[in-house]
Amino acid sequence: METNGKRYCTSCGKKLVDEAMFCPECGEPVEEFLMSNFEKSEKDSFPTLDKKRKSRGKILFSFIVATVVIIIIAVFTIKFVPDILGNKEEKKTTVKENSKKIKAKENAKTRETKALSVKATLNGIGDIEFIVFNPDTSVNKYADAIFHVKLQDGTDMKLPAMEQNNIRTGKEYEKIEDFSFTDYNDDKLDDIMIINIYKVNNDTEKEVRFYMQETNKTFTLDQQLSEEINSEVADKTVINIKNFLEKNKETDITENTNISSDQAQSQESKNFDTNTSQNAKIQHIRDVYYGTQEKLDSYNKSVQRGKTVYSEGALIKKIIVPAGVFPESEVPGGNIYTAEYYYEDNELLFAFVYGNGEEYRYYMEPGNPDICIRYIGNDGVIKDFINGTSDANQFQPTGSFWKKGKLDNL
C-alpha cells in the first residue's frame with residue numbers, strides 16, 4: 001500500500017522501494033503490482049461494452065444478410081430451376097435429334113456415293129463428265145448402280161436402267177469393272193459401253209451394257225446388243241468386245257463381197273498372196289485371235305523377263321509385255337503402253353497396244369510381220385493398207401511399236 005507517497009508491504013509492513021514487485025522481507029507480491037497487471041490483462045482480454053455492442057451488431061447484420069440470400073436462392077430455385085432443367089432436356093433431345101439427322105444424311109451419302117467421275121470428249125456431244133454412283137442397297141440389296149452423263153452446258157442425263165426401277169433380278173451390284181467411249185455402230189457418234197461386276201448365287205459375273213448416242217445428244221440403252229455380247233463373249237473385256245463387234249462387221253462385209261472360190265480356198269489353206277482380198281486377210285487374223293483367246297487356259301503359261309508367254313509345244317501363241325518392261329528409249333511415246341502380241345506359226349500376226357486410256361491395233365500381213373495391212377488408232381479410225389506398209393509415220397504416236405513383238409526382238 002502507499003502512505004504519504006511511500007510504499008509499504010501489506011503483509012509485513014516493510015518499506016518498499018519504488019517499482020518493487022515483491023517484499024524484500026517476507027517475499028509477498030506487492031498488491032499494487034497485481035492490481036495493475038490484472039486491470040491491464042482484463043482490459044486487453046475482454047472488450048468494453050461499446051465493443052461488445054458493435055460486435056453483436058455485426059453478427060446480427062451478417063445473420064440478416066445470410067437469411068435474405070438464402071430466401072432469394074430458395075425462391076429462384078423453386079421458380080426457375082425446373083424451367084432450366086426442362087430446357088436442358090429439350091436441348092439434349094434436340095442435339096440427339098440433330099445427331100440422328102446428321103447420321104441419317106451420312107448414311108444416305110454412304111449408301112449412294114459417287115464411285116467414279118471421268119471427263120472425256122465424245123464425238124457428236126462434246127465435253128462430258130461420266131459419273132457412276134454406287135446403289136442405295138439399304139432398301140433393296142438388288143438395287144443397281146446409277147450412271148449419269150453431264151454435259152458442258154450443265155445438262156445432267158441419267159442413263160436408262162437395265163431393268164424396271166433400277167432393281168436387278170437376283171443380281172447384287174459390286175462395282176464397275178471397265179468402260180469405253182467409242183462409235184460402235186459407225187454413225188460417227190461416240191457411244192458408251194459399261195462392264196459391271198455382279199454377285200449372283202455366291203459367285204461373280206460380268207455384264208455388259210451399251211448406250212448408243214442419238215442425234216439429239218441423248219443416250220438410249222441397246223438392250224439387244226447388250227444381250228448378244230453377254231451371251232457370245234465369254235471373257236468380257238473392252239478389247240475382246242471391240243474385236244467381237246469388228247469381227248461381226250467384217251463378216252457382214254465378207255458376206256456382201258464377191259470372193260472367188262480360189263480365194264476362199266486360199267483363206268482356208270492359209271496360203272495368202274497378193275490376190276487374196278484384204279477382207280479375207282483381216283478375217284483370218286481375227287479367227288486366229290479368237291482361237292487363241294478361246295484356248296488360252298489350255299496353253300502353257302510362263303513369265304520370261306517380265307513378259308507373260310503362252311505357248312503350245314514349240315509354238316508361241318501370245319505374249320503380254322507390261323508397261324515399263326521395254327526400255328523407255330525403245331518405246332515411241334515412252335513406257336506407258338502395255339502390248340499384247342498374237343502369233344501364227346511363230347510369226348507375229350496381230351498387236352494390241354494400250355495405256356494411259358489409249359488403244360491401238362495392228363494387223364500384220366500373214367507371213368510377213370514387218371508389213372502392216374490395217375491400223376486402228378485411238379480415235380477408232382480404220383486405216384487399210386492394201387499393199388501393206390512399214391512406214392512408222394502412219395502409226396503415230398506409237399509408231400512401229402508392233403515390231404517389238406517379233407520374236408527375234410523379244
Is the backbone N or O of [Y] less than 3.5 Å from a side-chain atom of [X], with the two atoms forming a donor-acceptor pair by type?
X	Y	answer
Ser117	Ile131	no
Thr218	Glu214	no
Asn166	Ala143	no
Asp345	Glu347	no
Asn201	Asp203	no

Going by distance alone, is a donor N or O of one side chain under 3.5 Å from an acceptor N or O of the other, for [X] and [Y]?
X	Y	value
Asp153	Thr155	yes
Glu174	Thr204	no
Asp235	Gln293	no
Ser277	Asn279	no

To the nearest 0.5 Å, atom CG of Asn240 lies from atom CD of Glu232 at 13.5 Å
Does [X] come within less than 4.0 Å of [Y], counting only side-chain N to carboxylate O?
X	Y	answer
Arg168	Glu207	yes
Lys150	Asp156	no
Asp144	Arg209	yes
Lys242	Glu359	yes

Quick check: do [X] and [Y] have side-chain heavy atoms less than 4.5 Å from each other?
X	Y	answer
Val208	Val233	no
Ile239	Arg361	yes
Lys383	Phe395	no
Tyr211	Pro160	yes
Lys236	Glu177	no
Lys158	Phe133	no
Ile125	Asp190	no
Lys318	Tyr299	no

Test of understanding: with ring-ring contact (aromatic ring centres under 6.0 Å, His included), list the residues that count as partners of Phe219, not counting sequence neighbours. none
side-chain contact (heavy atoms from CB on, under 4.5 Å) between Ile229 and Leu245: does it pass, once the steps are laid out? CA-CA 9 Å; Ile229 295 297; Leu245 294 173; 3.8 Å; yes
Given Tyr363, which of Arg286, Arg374, His284, Gln278 fulfils the side-chain hydrogen bond (donor to acceptor under 3.5 Å, both in side chains) condition? Arg286
Output field: ring centroids Phe181/Phe130 closer than 6.0 Å: yes
Is the distance between the ring centroids of Phe350 and Phe352 under 6.0 Å? no
Scan Tyr289, Tyr290, Tyr362 and name whichever one has a ring pair (Phe, Tyr, Trp, His ring centres under 6.0 Å) with Tyr342. Tyr289
Please indicate whether Asn216 has more than 12 foreign heavy atoms, meaning atoms of other residues, nucleotides or ligands, lying under 6.0 Å from its CG. yes
Report, as yes or no, whether the 6.0 Å neighbourhood of atom CG on Asp391 holds more than 12 heavy atoms from other residues, nucleotides or ligands. yes
For a side-chain contact (heavy atoms from CB on, under 4.5 Å) check, start with the C-alpha distance between Phe147 and Ile176, then their side-chain angles and the critical distance, and finish with the verdict. CA-CA 10 Å; Phe147 301 93; Ile176 180 172; 4.1 Å; yes
Any chance you could lay out the side-chain contact (heavy atoms from CB on, under 4.5 Å) test for Asp187 and Thr215, step after step, and finish with the verdict? CA-CA 9 Å; Asp187 60 357; Thr215 55; over 6 Å; no
